[in-house]
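To find a chain, count down the sequence lines: A is the first, B the second, and so on, and within it residues start at 1.
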Protein chains: 2
Amino acid sequence: MLYAGFMAAVPPPFPTPQEPVDHPELIQLGSVLEADEPCLRADAARNRARLLEAAARLVAERGADAVTMEAVAAAASVGKGTVFRRFGDRTGLLTALLDHSEKKFQAAFLTGPPPLGPGAPPVERLRAFGRAMLARSNDELDLQLAAEPGAPRRFTNPARSVLRHHVAMLLRQVVPDADCELLSHTLMGQLDPALIHHLTKQCGLPLSRLEGAWTDVVDRVTGASPAG
Amino acid sequence: MLYAGFMAAVPPPFPTPQEPVDHPELIQLGSVLEADEPCLRADAARNRARLLEAAARLVAERGADAVTMEAVAAAASVGKGTVFRRFGDRTGLLTALLDHSEKKFQAAFLTGPPPLGPGAPPVERLRAFGRAMLARSNDELDLQLAAEPGAPRRFTNPARSVLRHHVAMLLRQVVPDADCELLSHTLMGQLDPALIHHLTKQCGLPLSRLEGAWTDVVDRVTGASPAG
DNA sequence: AAGTTAAGCGGACCTCGGTCCGGATACTCG
DNA sequence: CGAGTATCCGGACCGAGGTCCGCTTAACTT
């Protein structure tokens, strides 16, 4: 039911395919089976468990920063190579650590009770979704951050800050009653180079579509008439 | 006039403060002076120029990936330590490389002609801003991406993908005529752990404000009545 | 012009993520 | 139960980012 195999996306570091990857792109919500630990050799499964346990202990005792691949390997009394074979890279390991809560969360909005789950009107579900995400990030922040290289610095870039302030300033002139500071973050997110790269280079969307989406969002947010 | 000193934010790697940092946080648009290369010793200034030139050449000839700190140092016939003292870290170096176009861009929307610059109505300027950002990112993508560690992977995380698809699905039920795929990216950007961390931990905003902003954006985007 | 000193320099050094491959070992099949 | 093999293990190894510290030198002083 749930999509849980994502921590297994070990690309091609070792020529040993396992823990099947079910094409992240074309995923259909709900049609995903929970192929969690698929027929791992006995020792491999045991080591995997020990590694996760060791990593969790490290996080708890010394924070997410202390989770170096060597430290985890040592704490699990296992070779370094084993960690990489199993989880691909550091991100994979941290992601696997987050897997449990991730599954619970997916269950909540896919099959759980309203307003998060099916049954409530869509707008209501959207509101609940955001609240739930915020709550989840509030715990786990360390781990979620650690699982994303360079994350803490992304919003301290002064150049970006200037651009965002400019957007906020413009917004204030149009929708003075809104929380323009946060609104500007939302809008700027759409112009993030990483997102642009993903959409144009990896998904093949034409730039014109991104432009259209930007204009559309601006109109929706400001309440302006489209193409005014 | 322009904010250009950002590449100088060399934190505390070496105990030699220079290239003054003008507090990135409390910056007032327009009140920033272009303190570019502030009283650097002659040899230091020369090395700085040589490093930037060498880095630019490496980018042009072998792509942004080839810009390793050692390679730049070697290409500039300079010690590795010098690169780090001048630019702080790799991100700082890449950022400095982007500085020129950044300044031009800032000039365009701060003091340039409408619709990007002052004179046009705010909504018009917002639309133009997005178009300009997209165009700029379209060139320079390599560099902008390289300046942000781990950027390419951010949107290939399957777990995130599931969440985003869920949001897109809900959006489709409410605003079927919109580009819900891209709209979902926009909304998800507001729930990015890195952003949440920045706003709550670094800026000190209460979680309730983030929740409010989320609800507000959902309402604006879907056209729902607030608190419906 | 010589002395003083703070700034700058360079490269050895460290850590950590990631790779490789020779050897070990759990499952399978006869 | 014994041989065969695909899988797995471990740690040596590599490259790149980042740090340190003793030496050098530009710039100011008198």
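Counting only N and O atoms by type, the side chains of Thr91(B) and Glu148(B) include no donor and acceptor under 3.5 Å apart.
The one candidate from Leu210(A), Val217(A), Val218(A) that meets the side-chain contact (heavy atoms from CB on, under 4.5 Å) condition with Trp214(A) is Val218(A).
Distance Arg90(B) CZ to dT19(D) P: 15 Å, rounded to the nearest Å. Taking atom CZ of residue Arg85(A) and atom P of nucleotide dG10(D), one finds them 8 Å apart after rounding to whole Å. Separating the CG atom of Asp89(A) from the C1' atom of dA16(D) is a distance of 16 Å, rounded to the nearest angstrom. Phe84(A) places its CZ atom 16 Å from the C1' atom of dC21(C), with the value rounded to the nearest Å. Residue Leu58(B) contributes atom CG, which lies 14 Å from atom C1' of dA16(D) at whole-angstrom precision. Here dA16(D) presents its P atom at 15 Å from CG of Leu94(B), a figure rounded to the nearest Å. In this structure, Glu70(B) places its CD atom 14 Å from P of dC13(C), rounding to the nearest Å. Nucleotide dC8(D) holds its P atom 20 Å from the NZ atom of Lys80(A), rounded to whole Å.
At the phosphate of dC9(C), OP1 or OP2 sits under 4.0 Å from a side-chain N or O atom of Arg86(B). Proximity of Asn47(A) to the phosphate of dC9(D): a side-chain N or O atom is located under 4.0 Å from OP1 or OP2. The side chain of Thr68(A) places no N or O atom within less than 4.0 Å of a non-bridging phosphate oxygen (OP1 or OP2) of dC16(C).
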Next on the checklist: Between Arg153(B) and Asp89(A), does the salt bridge (charged side-chain N to carboxylate O under 4.0 Å, His left out) criterion hold? Intermediate values first, please.
Outcome noted: CA-CA 12 Å; Arg153(B) 300 193 51 176; Asp89(A) 57 14; 2.5 Å; yes
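Between Arg131(B) and Glu211(A) there is no salt bridge, since no side-chain nitrogen of the basic residue lies less than 4.0 Å from a carboxylate oxygen of the acidic one. Using a 4.0 Å cut-off between charged side-chain N and carboxylate O, Asp43(B) and Arg50(B) make no salt bridge. Using a 4.0 Å cut-off between charged side-chain N and carboxylate O, Glu53(A) and Arg48(A) make no salt bridge.
A tilted orientation is assigned to the rings of Phe129(B) and His166(A), their planes being inclined by 30° to 60°.
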Checklist entry - In the 5'-to-3' direction, what one-character label does each nucleotide of nucleotides 22-27 of chain C receive under the scheme B = base within less than 4.0 Å of a protein heavy atom, S = sugar-phosphate only, - = no such atom? => result ---BSS
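The residue among Thr91(B) and Gly79(A) whose nearest nucleotide of DNA chain D is located toward the 5' end is Gly79(A).
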